[in-house]
Amino acid sequence: MDISRLIDPLNEPQRQAVCTDSQHTLVLAGAGSGKTRVLTHRIAYLVETGQASSFGVLAVTFTNKAAKEMRSRIESLMMQPPKGMWVGTFHSLAHRLLKTHYVEAKLPEQFQVLDSDDQLRLVKRIVKDLNLDDTKWQPKSAQWFINGQKDEGKRFKHIPPSSDFHEQGMLKIYEQYELICQQTGVVDFAELLLRAHELWLNNPEVLKHYQERFRHVLVDEYQDINSIQYAWLRVLCGENANLMVVGDDDQSIYGWRGAKVENILRFSEDFPKVETVKLEQNYRSSGHILKAANAVIDNNSGRLGKELWTDDEDGETIRLYAAYNEHDEARFIADDIDGQSDEFNEMAILYRSNAQSRVIEEHLIRMSIPYRIFGGHRFYDRLEIKNAMCYLRMMLNRHDDTAMERIINLPVRGIGNKSIDTMRIFARDQGISFWQAASQIVEHKILPNRACSAIEGFLTLINDIDSQSDEMNLAEITDFIIKQSNLIAHHQKEKGEKGRTRVENLKELVSAAASFINESDNSDLSEFVSQASLDAGDNQADTHEQAVSLMTLHSAKGLEFDRVYLAGLEEQLFPHKMSMDDPDGLQEERRLCYVGITRARKHLCISYAESRRLYGNEQFNASSRFIREIPNEHLQEIRLNSQVSRPVMFTETPKEIMSDSGFQLGQDVNHPVFGRGVILSCEGIGTNARVEVQFIESTKWLMLQFAKLEAV
DNA sequence: CCGGGTAACATTTTT
DNA sequence: TGTTACCCGG
């Protein structure tokens with residue numbers, strides 16, 4: 001067996017990771033250090049050396065895109081599809097398990113996945129049904145509460161009763177929510193993981209089967225793992241599995257939705273005999289860019305400690321543009337892009353929050369630069385697509401209340417809110433499904449004639465579509481549905497651009513169905529519907545068209561571009577004001593900045609605006625502390641026609657300022673009046689040096705000279 | 001049932 | 001300030 005092609009292209013640490021004999025391996029892989037390569041080569045190596053059968057390998061990722069990519073790279077390395085190997089996201093693997101073991105998981109065979117949209121809808125209804133004030137218990141935060149609990153592995157019954165009035169309400173909502181989900185057979189995203197975890201805990205024989213099967217488990221983006229995912233993994237791996245996790249603590253940017261970096265630290269404690277491999281050679285960015293990234297992230301505390309290096313030349317320095325306002329900034333970027341000869345596909349404009357994109361778009365349009373915005377709504381989340389999917393769901397299951405409520409009067413067929421309310425109450429009182437309620441109301445003429453015949457029209461429509469589409473394949477059914485239901489006609493009537501894109505999207509759905517048949521060799525309606533809720537539907541597919549990418553820093557993770565523009569590096573915006581007062585939040589912002597910088601291969605341009613109009617009022621924010629954390633020698637300030645050296649305020653990096661004060665950023669300190677605190681940032685030198693300290697109650701700027709701070 | 005008026009809102013997002 | 005969700009009048 002010739003495995004040299006798997007080994008030769010690797011550098012030393014990569015090889016060490018790929019060929020390790022350790023049972024548990026933690027690969028700390030910096031940005032651009034080849035982590036996917038390690039993962040895929042490792043899998044191919046295991047299979048080709050006979051240490052594992054592809055049947056016994058499970059590889060888990062966070063996004064479908066990553067899973068797809070991994071699968072295809074494994075396939076091309078092994079020169080054949082990895083038969084029987086499980087490669088997928090946590091959610092899709094959990095879904096698969098639950099589908100297979102639906103009985104043990106106490107789910108109906110045709111359970112459906114509830115996406116966040118439907119989930120919110122359901123929570124809204126519950127809040128209303130419980131007669132709770134929806135300003136005090138906002139459905140959004142109730143949804144957040146529920147998901148947060150589930151992410152921690154906690155069901156209603158696990159949470160002790162609270163004395164807090166507000167939390168009592170939340171718990172009531174949670175309880176009711178669990179009940180309805182179970183009754184109607186729907187499972188939300190967090191529930192998929194929770195159930196899959198419980199499935200194993202409650203069914204040792206099922207667990208044993210998978211433990212014996214999956215001798216090798218590999219995890220990508222390990223720093224993003226949350227508690228329930230961690231628990232799930234741990235149970236699966238048991239005592240005997242070989243586990244390799246790959247991640248980068250410096251790129252953990254999803255703490256706010258439950259990801260726990262600490263799981264990286266815990267790894268060595270929870271699993272015995274862990275071998276740690278660090279991948280620190282970066283193959284992506286040129287020297288200045290990389291050194292700047294290192295300098296920024298160096299201000300974080302509690303890191304596992306990695307320092308990226310490159311063989312590459314220093315390359316271009318990072319350009320820094322101080323704009324007057326956000327329009328000047330956007331105009332500058334558009335101008336600059338216009339003057340480059342690079343391909344548009346190789347350029348990206350990254351920003352902290354979506355609100356920033358509009359001004360940039362305006363100026364790109366003005367310069368006729370093609371662009372593509374990433375993020376925003378997923379294909380399958382679009383209104384028209386969801387509606388069509390709900391028709392499909394009705395084919396599968398007439399008692400899918402969520403789906404039925406959505407489409408019963410869409411397109412409008414004369415069933416008003418009042419009729420729907422009556423039906424809902426009827427259904428609830430009788431303990432029957434929406435569909436059954438509708439049938440009975442028609443049968444017993446409970447509502448006025450006009451309403452009854454409208455409802456009857458809906459019932460027969462669904463039944464007719466179902467019976468007539470009996471012999472059709474998935475794509476044909478989809479096509480049939482959007483026509484029979486009048487959805488197409490309905491959107492065609494919509495005026496303007498909107499209607500047209502909606503019609504196009506519906507047609508796109510038909511081709512999505514067609515390619516689903518081809519790709520997965522499957523024409524099963526239920527599979528298609530699940531896949532739709534678990535898959536983003538690959539946002540924008542027309543990558544062959546040259547266009548500049550616009551996206552938030554979060555969505556940029558995992559991508560790389562020759563030329564990157566980081567816009568809006570201002571205090572309050574980046575670091576964002578919602579996060580900057582909390583030390584952990586600030587560190588996460590800094591990691592986000594690190595992610596941003598390391599997206600660039602050759603050119604990086606950072607900009608900030610001295611004034612910015614946000615939500616109607618003009619703000620004057622200081623430039624971001626992150627800019628100041630980049631050592632001078634990597635930066636070059638640009639003005640339009642002349643090059644100006646950096647202003648005085650940039651001459652010292654925070655590190656330098658702090659070094660002669662005896663304190664460090666992130667250090668715990670004690671203040672005679674304010675008590676315990678943490679140093680967040682600093683500015684000025686000598687007698688002017690000030691530090692920003694986060695105390696328990698507040699955040700304060702203190703002159704180092706006068707404040708009697710002592711290190712703790 | 002539509003569409004206008006208005007009040008509330010505005011990190012980050014995958015599954 | 002721009003968007004969006006929701007309410008009410010025609």
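Only heavy atoms go into these numbers, but all of them, side chains included; no hydrogens, no water, no symmetry mates. All chains are named by letter (A, B, ...) in the order of the sequence lines, taking the proteins before the strands, and each is independently numbered beginning at 1.
In this structure, the salt bridge (Lys or Arg N to Asp or Glu O under 4.0 Å) partners of A:E198, at least two apart in sequence or on a different chain, are A:R155. Applying the salt bridge (Lys or Arg N to Asp or Glu O under 4.0 Å) rule to A:D115 yields the partners A:K386; only residues at least two apart in sequence or on another chain are considered. With sequence neighbours excluded, the residues forming a salt bridge (Lys or Arg N to Asp or Glu O under 4.0 Å) with A:R424 are A:E405, A:D421, listed by chain and number. For A:D133, there are no salt bridge (Lys or Arg N to Asp or Glu O under 4.0 Å) partners, not counting sequence neighbours.
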* Would you mind building the protein contact string for nucleotides 6-13 of chain B? One character per nucleotide, 5' to 3', B for base within reach (heavy atoms under 4.0 Å), S for sugar-phosphate only, - for untouched. => ---SBBBB
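A:K557 has its NZ atom 11 Å from the P atom of B:dT14, to the nearest Å. Rounded to an integer number of Å, the gap from CG of A:L410 to C1' of B:dC1 is 13 Å. What separates CG of A:D224 from C1' of B:dT14 is a distance of 10 Å, to the nearest Å. Computed from coordinates, the A:N325 CG to C:dT1 P distance equals 15 Å when rounded to whole Å. Rounded to whole Å, atom C1' of B:dT15 lies 16 Å from atom NZ of A:K68.
Annotation: A:F62 is in aromatic contact with A:F90 [ring centroid separation under 6.0 Å]. Taking the six-membered ring where the residue is Trp, the centroids of A:W256 and A:H554 are separated by under 6.0 Å.
Comparing B:dT14 with C:dT3, their C1' atoms are spaced 24 Å from each other, to the whole Å.
A glycosidic torsion no more than 90° from 0 defines the syn conformation; B:dT12 lies beyond that range and is anti.
Cation-pi check for A:R591 over A:Y594 is not met; the charged atom does not lie both under 6.0 angstrom from the ring centroid and within 45 degrees of its normal.
For A:D535 (side chain) and A:Q531 (main-chain N/O), no donor-acceptor pair under 3.5 Å exists by modelled atom type.
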Between the protein and nucleotides 4-7 of chain C, which nitrogen or oxygen pairs are less than 3.5 angstrom apart?
from, atom 1, to, atom 2, distance (Å)
C:dC6, OP1, A:K124, NZ, 3.4

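By the neighbour-count criterion of 12 heavy atoms within 6.0 Å, atom CZ of A:F620 is densely surrounded, having more than that number from other residues, nucleotides or ligands.
The side chain of A:L534 sits closest to B:dT15 out of B:dC1, C:dT1, B:dT15.
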